Amino acid sequence: MKQSLILIYLLLCVAPLANAKGQYMSESAFLTQAFGESVPARQMLWLRGQLKKDVIKLLGHSYGKIRLYYWHHGTTTSWILEQIGKEKPITAGFVVDQQRIVQTHVLEFRESRGWEIKRPAFTQQFEFIELTDNNRLSKHIDGITGATLSVNAMNRMAKLALRLDQEVQLTLAQRQTH
Amino acid sequence: MRNGKLTNRFFVTWHRRVGLFVALLALILCVTGVLLQHTERFKLDRTYLTAPWLLNWYNYPEPRVDAIQLSQQQVRQIDDQILLAQTIVGQSKGQLWGAAETSETVLIASGHVLIWLTLDGEIIDVMPTPIAEASSTLARTGEQFQIWTPNGWLIADPELSNWQAGPDPGELPLAVEPSDFRQAALPPELSVGVSLERLLLDLHSGRLFGFIGVLLMDLASIGLVLLAISGCWLWLRRR
């Protein structure tokens, strides 16, 4: 009886770790969810000039690299971004349509704590969120106890995806005008 | 009455003796304890010490260091971490096998990873190598980078998006040279060596000096308890 209780206790201790780090969704699966079977070609965006300054202001630090990739079709853009939670990068995918986030997925989580951000209950909070004029998210995102740094990283990436989408849409509009 | 005076004198004498013995060790315990309480704030877990005497003391295994000398600066890979001059620019599980620079950018090749940088060390992009092998040769022709494959040289477009068959490179590839870790000036945030957190933990527990150190810290802790008891005792008696 005592041994069974110890075994149950140990299983309960280890069970959450089974959900911890790992790849939850591949890049191709994310893009298929975003665009269906006809995924558009990958495009590049360079963080230079004012955009680079804006990104530093949004994140509180530079992004980590100055060339980003995105996928674009109509009014929809899709971004795969990385930000460090505590020590290791979290990879997340955001789909932005008409300057609002319509899908958020945690693609890969590499740390042992804070994995709860992958849950739809958390990621669905980003749906229909916009970037306000003072660079804030238009809706409050409820945090998760014990996952504060991961939640902060997700908030930063959401803002970044919205700002980058603005840049792409602006460039496209300028091209159409010319 | 006489017994009380004797007891008081006994406590005062031993209070002083224990206090003297404990003083330095208590100071170490307190200072390291306070610092360890604020590991994140002081970045103790992200600051690494590489002084030769400390590495010898810890029997720290010698990290592998490979270096490539560019025209103005050096590319180094220390274990799995890659540096351009003093800036950490990436990680790779494989070995450093090439670096080349144009007038504006530097390309570093290690294992299956290519790291493309500005001359200031700002990362432009990190991408997989266009070859299956974990090691080859990197060179350049003018402003274009080239990689050797068993089928001949590949040449990249200016955005490093496409690699196509190309001519022999205009410049000779730069050699990868092994380097001495203990002679290298390294940035403190490079996670190679003994972390400041570990050093403070070992100083706090006394483990830095082996069994004797642990024993001394145990005695210092017991001494602190005795000081508290004898201090309270003396204070109560004088009232």
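The chains referred to below are lettered A, B, ... by the order of the sequence lines, with proteins before strands, and numbering in each begins at 1. In this text the structure is predicted, and so the values were computed from the model without any measurement.
Take B:Asp180 and apply the side-chain contact (heavy atoms from CB on, under 4.5 Å) test, not counting sequence neighbours, and it matches B:Glu62, B:Arg182, B:Gln183. The side-chain contact (heavy atoms from CB on, under 4.5 Å) check on B:Ala134 picks up B:His112, with sequence neighbours excluded. Here B:Trp163 pairs with nothing under the ring-ring contact (aromatic ring centres under 6.0 Å, His included) rule; sequence neighbours left out.
For the atom pair CG (B:Leu117) and CD1 (A:Ile66), the distance works out to 9.5 Å, reported to the nearest 0.5 Å.
Atom CD of B:Gln72 is surrounded by 12 or fewer heavy atoms from other residues, nucleotides or ligands within 6.0 Å.
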Between chain B and chain A, going by a 3.5 Å limit, which atoms form donor-acceptor pairs, if any?
unit_1	atom_1	unit_2	atom_2	d
B:Glu40	OE2	A:Lys86	NZ	3.1
B:Glu122	OE1	A:Lys52	NZ	3.0
B:Glu122	OE2	A:Lys52	NZ	2.8
B:Ile123	O	A:Ile66	N	2.9
B:Ile124	O	A:Ile66	N	3.3
B:Ile124	O	A:Arg67	N	3.0
B:Asp125	OD1	A:Lys65	NZ	2.9
B:Asp125	OD2	A:Arg67	NE	3.1
B:Asp125	OD2	A:Arg67	NH2	3.1
B:Asp125	OD2	A:Tyr69	OH	2.3
B:Glu159	O	A:Arg67	NH1	2.4
B:Glu159	O	A:Arg67	NH2	3.3

